[in-house]
Amino acid sequence: MAAGVLVCLGALLARWVVAGSEAVVVTVGEVDEAVTLRCGNVSGPRGPVSWYRSASEPVLLVSSNSSFPPASARFSLWNASSLHIAALSLQDEGNYTCQETLNETQQFRVWLQVASGPYQIEVNISTTGTLPNGTLYAAKGSHADFTCTSSAWPPPMVEWWFKTPDSSDEPFGNNLTVTSFTLFLMSPKLQGNYTCLAENMRSGRHRKVTTELLVYYPPPSAPQCWAEAPSGLSMLQLTCRWDGGYPGPGYLWTEEPGALIVGKSKLGVEMLNQSQLSDGKKFKCVGSHIVGPESGASCVVQIRSPSLLSDPMKTCFVGGNVTLTCQVSGAYPPAEILWLRNLTQPKVPIQPSSHYVITQNGQSSTLTIHNCSPDLDEGYYVCRAENPVGVREVDIWLSVKEPLNVGGIVGTIVSLLLLGLAVISGLMLYYSPVFCWKVGNTFRGQDTGDVMVLVDSDEEEEEREEEEEDAVEEEEEEEEEEAARERADFPTEMRKCGHIHRVTALVNGNLEWMGNGLQDLQDDVSELPSDVQEEDRPV
Ligand SMILES: *[C@@H]1O[C@H](CO)[C@@H](O)[C@H](O)[C@H]1NC(C)=O
Ligand SMILES: *[C@@H]1O[C@H](CO)[C@@H](O)[C@H](O)[C@H]1NC(C)=O
Ligand SMILES: *[C@@H]1O[C@H](CO)[C@@H](O)[C@H](O)[C@H]1NC(C)=O
Ligand SMILES: *[C@@H]1O[C@H](CO)[C@@H](O)[C@H](O)[C@H]1NC(C)=O
Ligand SMILES: *[C@@H]1O[C@H](CO)[C@@H](O)[C@H](O)[C@H]1NC(C)=O
Ligand SMILES: *[C@@H]1O[C@H](CO)[C@@H](O)[C@H](O)[C@H]1NC(C)=O
Ligand SMILES: *[C@@H]1O[C@H](CO)[C@@H](O)[C@H](O)[C@H]1NC(C)=O
Ligand SMILES: *[C@@H]1O[C@H](CO)[C@@H](O)[C@H](O)[C@H]1NC(C)=O
Ligand SMILES: *[C@@H]1O[C@H](CO)[C@@H](O)[C@H](O)[C@H]1NC(C)=O
Ligand SMILES: *[C@@H]1O[C@H](CO)[C@@H](O)[C@H](O)[C@H]1NC(C)=O
Ligand SMILES: CC(=O)N[C@H]1CO[C@H](CO)[C@@H](O)[C@@H]1O
């Protein structure tokens with residue numbers, strides 16, 4: 001039997017040489033799978049077929065002659081001509097020959113190639129860290145190592161693909177047929193899905209693994225925080241902003257000192273009750289970022305109730321304008337400034353109108369009252385500054401007076417000085433009758449032992465006085481001056497002599513008499529100029 005096979009093989013080998021020029025059909029099978037090798041590309045009825053494994057010595061595997069059983073249970077003849085091999089292993093790779101005998105013997109060669117894998121693929125990206133959900137992230141500027149390993153036979157082709165979220169392009173330009181590479185200086189545009197593809201070029205079997213890689217970066221600058229009163233003045237809103245990073249940071253607001261937690265959020269906004277607020281209290285915001293500084297970055301706000309600065313008293317002349325100013329300092333968050341009238345409606349803020357003009361410049365507010373009237377406008381005004389931390393009020397007293405000019409005050413002072421002089425002069429005259437005779441003609445009707453009242457006639461302006469004690473005296477003076485001005489001849493002379501002083505009254509230490517004396521003087525208008533001029537010379 002064995003000898004027969006060998007003889008037969010000898011014949012086959014001879015034939016192969018003849019058939020050597022025939023095309024070799026390549027068939028690929030995978031490990032553990034089955035494969036069927038066809039005996040030539042022939043359709044129709046077939047003759048007896050035998051399959052051999054080509055080697056230095058050909059081995060009969062299976063034959064249609066039932067006298068020769070298959071070499072192994074894995075080999076069988078299908079459709080009377082094809083060789084079926086089950087459970088392939090890498091050792092099955094090789095050249096096979098099929099011999100068919102019809103009218104003549106024909107041989108067909110099949111090159112069986114066995115492929116294995118890839119059945120699995122291992123991707124390793126060494127980066128900054130892994131998120132709780134398994135996603136990898138790399139800090140901007142760091143470097144990332146990519147490796148992709150896969151076992152297969154023959155060794156697979158490995159490609160890396162990259163896809164950004166917003167495009168279907170591959171920024172790498174083309175696929176990377178390498179198993180590992182490193183990206184230096186990671187930047188946001190390198191964020192995306194990295195796919196490693198391993199392909200068995202023989203079998204076409206491929207595996208791929210896609211890994212999402214995020215590129216994170218902290219905000220470039222320090223966080224900003226502030227406090228404000230968003231709705232009304234009952235609540236305080238703390239806001240912390242730390243922008244420019246990816247992903248958004250987390251915020252932790254605490255009370256300082258003590259680090260009592262106020263709130264923790266992704267928004268950085270906390271609302272506080274008035275009960276949680278007190279003057280000078282500090283709140284600290286700590287921004288934390290996954291790739292930021294370990295201790296985070298912080299900012300502090302200190303809340304303060306307002307302080308007020310204002311003049312306690314203001315004066316307005318009837319018909320004039322007056323501006324009350326109220327300066328707030330230290331308030332944080334900035335205070336709301338209101339003007340209230342402490343009179344009929346103490347709780348209702350003053351509404352701007354043509355009478356009241358309110359202007360606010362920063363934390364300074366002014367209330368301008370136009371056309372002051374004593375009945376309406378005199379009284380207390382309240383400036384109120386309020387923020388959620390506290391409220392302060394200041395009272396300003398506004399008095400409304402008759403207009404007063406500076407000339408009047410100066411005139412009064414000069415008059416009083418001259419009155420003093422006149423007293424001295426009067427005493428001198430009293431004891432020196434030589435100088436007294438002329439005056440006596442005019443005034444001695446009253447009596448002796450007199451007081452002289454002098455008026456400075458330089459004052460061309462109209463004088464007005466508000467002091468009640470002086471009222472009588474001053475009114476008389478005024479009338480006297482008006483009378484003097486009315487005189488047509490008098491003013492020309494008077495203007496030439498800058499320092500002429502008139503003696504208008506000589507009263508014997510008696511105010512009533514002084515009034516009378518003045519009255520007389522007015523009646524006796526024509527005599528006055530000469531009197532005055534004469535009187536003045538000795539002085
Ligand atoms: C088999 O032969 C036919 C024609 O004879 C041809 O069209 C076909 O491609 C062949 N198939 C193979 C696998 O060689
Ligand atoms: C099968 O092989 C044996 C031994 O070589 C031979 O005697 C027999 O004739 C063959 N049978 C057929 C059908 O070819
Ligand atoms: C045998 O050949 C026929 C047609 O050529 C085909 O349809 C059938 O599937 C084949 N059977 C096997 C087991 O290969
Ligand atoms: C099969 O035959 C081809 C030439 O026909 C040769 O190149 C190849 O190496 C052979 N395969 C093996 C496993 O011997
Ligand atoms: C084989 O021989 C038979 C009869 O001897 C003949 O009819 C047939 O055509 C031949 N076939 C081939 C392929 O030569
Ligand atoms: C994992 O979490 C990050 C951040 O929350 C998110 O961007 C990413 O899409 C998540 N990945 C998966 C697979 O859920
Ligand atoms: C990346 O892959 C994740 C799932 O792994 C998918 O949700 C996401 O849309 C992909 N991103 C891109 C840019 O393809
Ligand atoms: C604010 O006050 C209300 C009641 O006035 C209370 O229910 C709430 O808990 C307080 N909120 C905080 C943060 O204290
Ligand atoms: C008061 O203010 C009004 C409006 O600005 C102005 O017309 C008027 O002249 C002012 N009066 C005085 C006395 O300054
Ligand atoms: C007005 O202000 C005075 C001085 O501050 C205060 O004593 C008085 O109670 C106030 N009156 C009203 C009605 O608010
Ligand atoms: C899928 C793909 O495009 N693969 C290509 C990777 O690069 C090699 C060589 O540049 C090509 O031959 C592949 O077709």
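Remember, it's 1-based here, ligands and their atoms both numbered in the order they're listed.
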Would you tabulate the side-chain donor-acceptor contacts of residues 285-300 under 3.5 Å, counting partners in other chains and residues two or more places apart, or write 'none'?
| residue | atom | partner | partner atom | Å |
| --- | --- | --- | --- | --- |
| His289 | ND1 | Val291 | N | 3.1 |
| His289 | NE2 | Tyr217 | O | 3.2 |
| His289 | NE2 | Tyr246 | O | 3.2 |
| His289 | NE2 | Pro247 | O | 2.8 |

- What do you reckon, is CD of Glu93 surrounded by more than 12 foreign heavy atoms closer than 6.0 Å? yes
- First-shell residues of ligand 2 [heavy atom, distance under 4.0 Å]: Asn65, Ser67, Phe68
- Message: Below 3.5 Å, N or O to N or O, backbone or side chain included: is there any such pair between Tyr216 and ligand 6?
- Response: no
- Item | Pairs where residues 119-132 contributes a residue and the test side chain to side chain donor-acceptor pair (under 3.5 Å) is met, not counting sequence neighbours | Ser126-Asp145
- Message: For Ser365 and Trp339, which I'm curious about, is there any donor-acceptor pair between the side chains at under 3.5 Å?
- Response: yes
- Item | Enumerated ligand 7 atoms positioned under 4.0 Å from heavy atoms of Thr164 | 13 (C)
- Query: Leu131 heavy atoms, cut-off 4.0 Å: which ligand 6 atoms fall inside?
  - Reply: 2 (O), 3 (C), 4 (C)
- ligand 7 to Asn193 polar contact by distance, N or O atoms, under 3.5 Å: yes
- Query: Should the pair Arg341 and Tyr381 be classed as cation-pi, given the thresholds of under 6.0 Å to the six-membered ring centre and 45° from the axis?
  - Reply: yes
- Under the ring pair (Phe, Tyr, Trp, His ring centres under 6.0 Å) criterion, do Tyr251 and Trp242 qualify, and how do the steps go? CA-CA 9 Å; Tyr251 300 97; Trp242 197 28; 7.6 Å; no
Give the table of side-chain donor-acceptor pairs shorter than 3.5 Å for residues 312-328, with sequence neighbours excluded, one pair per line with atom names and distance.
| residue | atom | partner | partner atom | Å |
| --- | --- | --- | --- | --- |
| Asn321 | OD1 | His370 | ND1 | 3.1 |
| Asn321 | OD1 | Asn371 | N | 3.2 |
| Asn321 | ND2 | His370 | ND1 | 3.4 |
| Thr323 | OG1 | Thr368 | OG1 | 3.0 |
| Gln327 | OE1 | Ser364 | OG | 3.4 |

- Message: Within the 4.0 Å heavy-atom shell around Thr135, which atoms of ligand 6 are there?
- Response: 1 (C), 10 (C), 11 (N), 12 (C), 13 (C)
- Query: Only one of Trp161, Tyr194, Phe162, Phe184 forms a ring pair (Phe, Tyr, Trp, His ring centres under 6.0 Å) with Phe146, so which one is it?
  - Reply: Tyr194
